[in-house]
Amino acid sequence: MRQLGFLLLLCAAGAALWRWYNRETVSEGDATVRLQSEHEHFHMHVDLPPHLEIEPGDTLQILTLPDVPAGRTSGEINYPSRVRLHKASWLRRNLVMNSSIVEINELVEHP
Amino acid sequence: MNMPGEFTPTTRHALQEAILTPRFYTTDFKAVDKLHVDHMRDEFEWIRSEFEHDYNRNHFKRNDEFLANFDSMPVRDQFIEFLERSCTAEFSGCLLYAEMVKHLKDPTMRAIFKCMSRDEGRHAGFLNRTMGDLHVALNLTVLQTRKKYTYFQPKFIFYATYLSEKIGYARYIEIYRHLQANPNGLIHPIFKWFEEWCNDEYRHGEFFALLMRSQPGLLSGANVRWIRFFLLAVCSTMYLNDARRHDFYSALGLNWRDYDQRVIRLTNQISSQVFPVTLPVDNPQFYRNLDACVRHDSVIQALAGRSDPLAAARKAQLSAAIGLRLLATYRLPPVPTTDANRWRGLKGFPNYPGPQRPLERTVSA
């Protein structure tokens, strides 16, 4: 009986940790997307409003997709878009900060 | 009539879509900003003026050779994959350097990262357009997907990006030299652009070498272990990736293994310009281990389509075997850098002439 109780406690603790890890705070704002996709240059930048700051573990979503035929622009285009920032929990942020070495293949890929 | 660089209307290939999956990084920008560089400010200013000189401003111009019909080119699919991977890598570099520009305050550093972002964006654009020639449209849904921001310590970014730029240089120049000597392997004109192109990569690497030299702590003590780790990580990743794509290199007339070993030797040699140790590439055990990793990896690739427990167990066993081989390679005694074996610089490539250089070389802020 004691063992079962311990197992249930362990499960509850695991579930609580999992919930904490996945907890997100979502905020939205108006941003400007700058996109240039042509022979001379290819880049994409998002100017976020001042109250949105990206930290490790966060995810960012741009809500408006530009109407660009074949994915190519003529010069740089700027367009306003709502952006949604999913702020990671403290637990996820610290895990991302301290475990990046396992994602090192992202850094060492080269042309 | 087609203008240079427009789609070839006669293509018999269906329109494909390329989905780029660039990497998004954050780092401790405040720590990067706090790096003490004033004692080498003149050298940083010199390299900034080199970047602002923009040697390749007019290099990435297309000509009529790009208008040819590439429908029947050999290894067309692998070539498109090569373009996609290269474009993603260049684009990711462009984003990383642009993030640095956004967050750093030091005007010299900001200017340098801005120039490097310019170069990477230009390379990505050239590759992107070449994909367009092959009837590959860019799928921009990447904009709408949730972009995950990975964190790397600044020193990891310095080691990895330095090596990534230098190995990028070595890869491009080795392909260029090979195709000059063996024009039969020239399956697409883009390779003719590689000589000047790779000088951008080399120059970016020079900046990171300077940045690391300005912070001696990054090149000594426990960090030497990180240096060995990154040297091995960069070289072994390339070795395994290229082994999987041996058909592509065969079409260029290259034996992937010889090619990779030349690239690793050159990158290792160049890295002695700044690193206190390099990989023991002349130790026969070094390539014995890497070749064993390739054999294990090829079995894993063959099992990729299977998800039964037996296949999963076999894949796990082989992945562990690769890990052990890499650990054994890491433990091989490294080669210490001495004055006799240190890389002296690329012939004909501008080197810092010292603080007494002519004034006209200096570019104002």
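The chains referred to below are lettered A, B, ... by the order of the sequence lines, with proteins before strands, and numbering in each begins at 1. Model, not experiment: these values are computed from the prediction.
Taking OH of B/Tyr151 as the start and CG of A/Asn94 as the end, the distance is 10.5 Å to the nearest 0.5 Å.
For A/Arg82, the CZ atom sits in a packed shell: over 12 heavy atoms of surrounding residues, nucleotides or ligands are nearer than 6.0 Å. Counting non-hydrogen atoms of other residues, nucleotides and ligands closer than 6.0 Å to CZ of A/Arg19 gives a total of 12 or fewer.
The two residues A/His45 and B/Cys94 have their closest heavy-atom pair at CE1-O, 4.5 Å.
Using a 4.5 Å cut-off between heavy atoms, B/Lys102 contacts chain A through its side chain alone, with no backbone atom that close. Of the two parts of B/Trp226, only the side chain, counted from C-beta on, holds a non-hydrogen atom closer than 4.5 Å to a non-hydrogen atom of chain A. Heavy atoms closer than 4.5 Å to chain B are found in both the backbone and the side chain of A/His43. Contacts of B/Phe229 with chain A are made by side-chain atoms alone, with heavy-atom separations under 4.5 Å and no backbone atom involved.
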Is there a side-chain contact (heavy atoms from CB on, under 4.5 Å) between B/Cys87 and A/Phe42 once you walk through the steps?
-> CA-CA 9 Å; B/Cys87 189; A/Phe42 180 39; 4.0 Å; yes
Please walk me through it: do A/Met44 and B/Phe91 pass side-chain contact (heavy atoms from CB on, under 4.5 Å)?
-> CA-CA 9 Å; A/Met44 180 191 76; B/Phe91 186 34; 3.8 Å; yes
Should A/Leu60 and B/Tyr149 be marked as a side-chain contact (heavy atoms from CB on, under 4.5 Å) after you check the CA-CA gap, both sets of side-chain angles, and the distance that decides it?
-> CA-CA 8 Å; A/Leu60 181 74; B/Tyr149 281 77; 4.0 Å; yes
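Your options are A/Val96, A/Asp58, A/Asp47, and the one with the most heavy-atom pairs under 4.5 Å with chain B is A/Asp58.
Contact check for B/Thr150 versus A/Pro56: no side-chain heavy atoms found under the 4.5 Å cut-off.
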